[in-house]
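In what follows, a single structure is set out as C-alpha cells and then discussed.
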Amino acid sequence: MITIRIQSEDFDIAAEIAKLDAENTGAVATFTGKVRREGDLTTLTLEHYPQMTEREIARIVEEAQTRWPLLGVTILHRVGRLMPGENIVLVAVATSHRSAAFQACEFLMDYLKTKAPFWKQEERNGTAQWVEAKYSDDKAAERWRNK
Amino acid sequence: MITIRIQSEDFDIAAEIAKLDAENTGAVATFTGKVRREGDLTTLTLEHYPQMTEREIARIVEEAQTRWPLLGVTILHRVGRLMPGENIVLVAVATSHRSAAFQACEFLMDYLKTKAPFWKQEERNGTAQWVEAKYSDDKAAERWRNK
Amino acid sequence: MTLLYFAWLRQKIGRGEEQLSLPAEVKTVSDLVLFLKKRGGGFEDAFADLRRIRVAVNQDHCGFDAPLRDTDEVAFFPPVTGG
Amino acid sequence: MTLLYFAWLRQKIGRGEEQLSLPAEVKTVSDLVLFLKKRGGGFEDAFADLRRIRVAVNQDHCGFDAPLRDTDEVAFFPPVTGG
C-alpha cells in the first residue's frame, strides 16, 4: 500500500505503521524529521507547490519500487507553521528483509530533500529567513545515481 | 537517554519515540522487526541468555555512541512465544541530523543480529526447528569494521 | 500560460501567480526568464542569479532549455528544502 | 564454575545449566570442550562441530583459547539469531 499525504496536522507514527502492515512484512524502517529546539528558533513555516508535491513524491516512490521489493510505503509531510519539537515528515517502509527497508527509507528521504517542492522559512528573534538548500543533501541524493 | 529492555509484552512505537525525544532532536530513525506471515509458520519462540543480553546490548550501544553523536537510543527485544505479524524488536535512534540516525540504526540492528544472545525457534506444521544464522547477517555486521 | 513563484521568488516578485499569453519571442524557459527580467524591479532582482533558481514545467522538474507552449504551467522556485 | 547451554545445545545436552569444579587438566575453553565431550552421549553430539558453536565467558563473547578459572560462568550456544 502506498500512502502519500500533505497535511498541516501532526501524525501518529504507530497508527501509520499499523496501516502499512502487509502479509509478509518482516521489517519496517521509519524516519521522522522534527523541528530542532534551537536557542532562538521560534517557528518554522513550510510552503509547498500543491499541484506538484504529491505527483513528485509519487514519482520518487515509483523510483524506489524499481530498486527494492517494497510491501508498503507511507510518506507524510506537514506544511504551514510548526513549533520547535514538532514533527515535519514521516517516511515509513515495509519490506520482507531489513536491508531493503533501511536503504529504501534513506533513499526516499534523500530524494524528498532534493526533489519534493517544499521550502522552509525559519523565524529567529522576530526575523524570518528562507532556509538555504544544503550541499550535503545534494551529495546524499547523488550517491544513489549509480547504484 | 538510553533504554534497553527485554520483555515478553509488545511495545508501542509512538510512545517509545516520544520518550526518546531530546532537546535538539532533528531526526529519528526506527527499525521494527516482525514475525513474517509465511504459509506454514505458526509460532516463533525466542530464547535468550538473560545474564548477558542487556550487557551485550549496552556494549553495542556504547560502540555506536563512539561512532555517531546520538541524542537517544531505545532498544526493545521480545522473548518467548510470538505469532506471525507480531513485533520482535524495535531499535530507535534520535540524532540532530538524518545521516547519523540512519547509519546508527542500521549499525545497531546489524550488531544485534550477530552479537546479542537471542535464538529463534520456528514451528511449522507442528515441527519446531532452530533458525540457522545467516551468512548475510555476518556480512552486514562486517561492513562496519573498517568504517 | 500560468506562471508560479515560490518562497523568496514569490516575495521578491510580490505575487505567487500570474497568467501570461506566451510572447512571440519566448520559445524556452530561458527566453521566458529574459522576458520577465525586462520588467525590471522585483523580477530583475528575483532572477539575478539563475544558479539559485529551479524550474518546473507542468509540475515536472526541467532545465532552462525546456521548450514552452501557451498552455504550460511554469513554476520558478529556489532549491527545495523540505523533509 | 557454572556452565550454561542454549538453544539446540541445551536440547542435545538435556539441561541448560550445571555446576562444575574446574578439572585440573582444563586451562582453556578448548580443554573444557574436550573434557565435556568425553562424557559421551548428548555432549559428544552437541560439541561434534565446533564451527557451529560460540562461547561466552562471564557474559563476554570469546574464543576457544580463552583461559578459565573456577569462578567463571561459561556459556555455549549456536550463532545468535535474534533481531
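Only heavy atoms go into these numbers, but all of them, side chains included; no hydrogens, no water, no symmetry mates. First the proteins, then the strands, lettered A, B, ... as listed; each starts at 1.
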Legend entry - Derivation of the side-chain contact (heavy atoms from CB on, under 4.5 Å) call for Q11(D) and W130(B): CA-CA 11 Å; Q11(D) 291 182 320; W130(B) 292 97; 2.6 Å; yes
Inset, instruction - With side-chain contact (heavy atoms from CB on, under 4.5 Å) as the test, would you mind laying out the steps for E132(B) and R52(D) before giving the verdict? - result: CA-CA 10 Å; E132(B) 290 281 326; R52(D) 300 184 62 206; 3.3 Å; yes
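Residue with the most contacts toward chain B among V80(D), D60(D), L4(D): V80(D) (heavy-atom pairs, distance under 4.5 Å).
In terms of heavy atoms, W119(B) sits closest to P78(D) at NE1-O, 2.8 Å. Contact detail for M52(B) and A56(D): the closest heavy-atom pair is SD-CB, 3.7 Å.
In this structure, the portions of K115(B) lying under 4.5 Å from any heavy atom of chain D include both its backbone and its side chain. The contact between Q51(B) and chain D is made by backbone and side chain atoms together, counting heavy-atom distances below 4.5 Å. Only the side chain of R10(D) comes within contact range of chain B, with heavy atoms under 4.5 Å apart.
Using a 4.5 Å cut-off on side-chain heavy atoms (C-beta onward), H61(D) and R59(B) make no contact.
At most 12 heavy atoms of other shown residues, nucleotides or ligands fall within 6.0 angstrom of atom CD in Q129(B).
Taking the six-membered ring where the residue is Trp, F6(D) and Y49(B) present tilted rings, their angle falling between 30° and 60°.
Checking side-chain atoms of T81(D) against main-chain N and O of K120(B) turns up a donor-acceptor pair under 3.5 Å.
Heavy-atom proximity under 4.5 angstrom to chain D picks out H77(B) from residues 61-78 of chain B.
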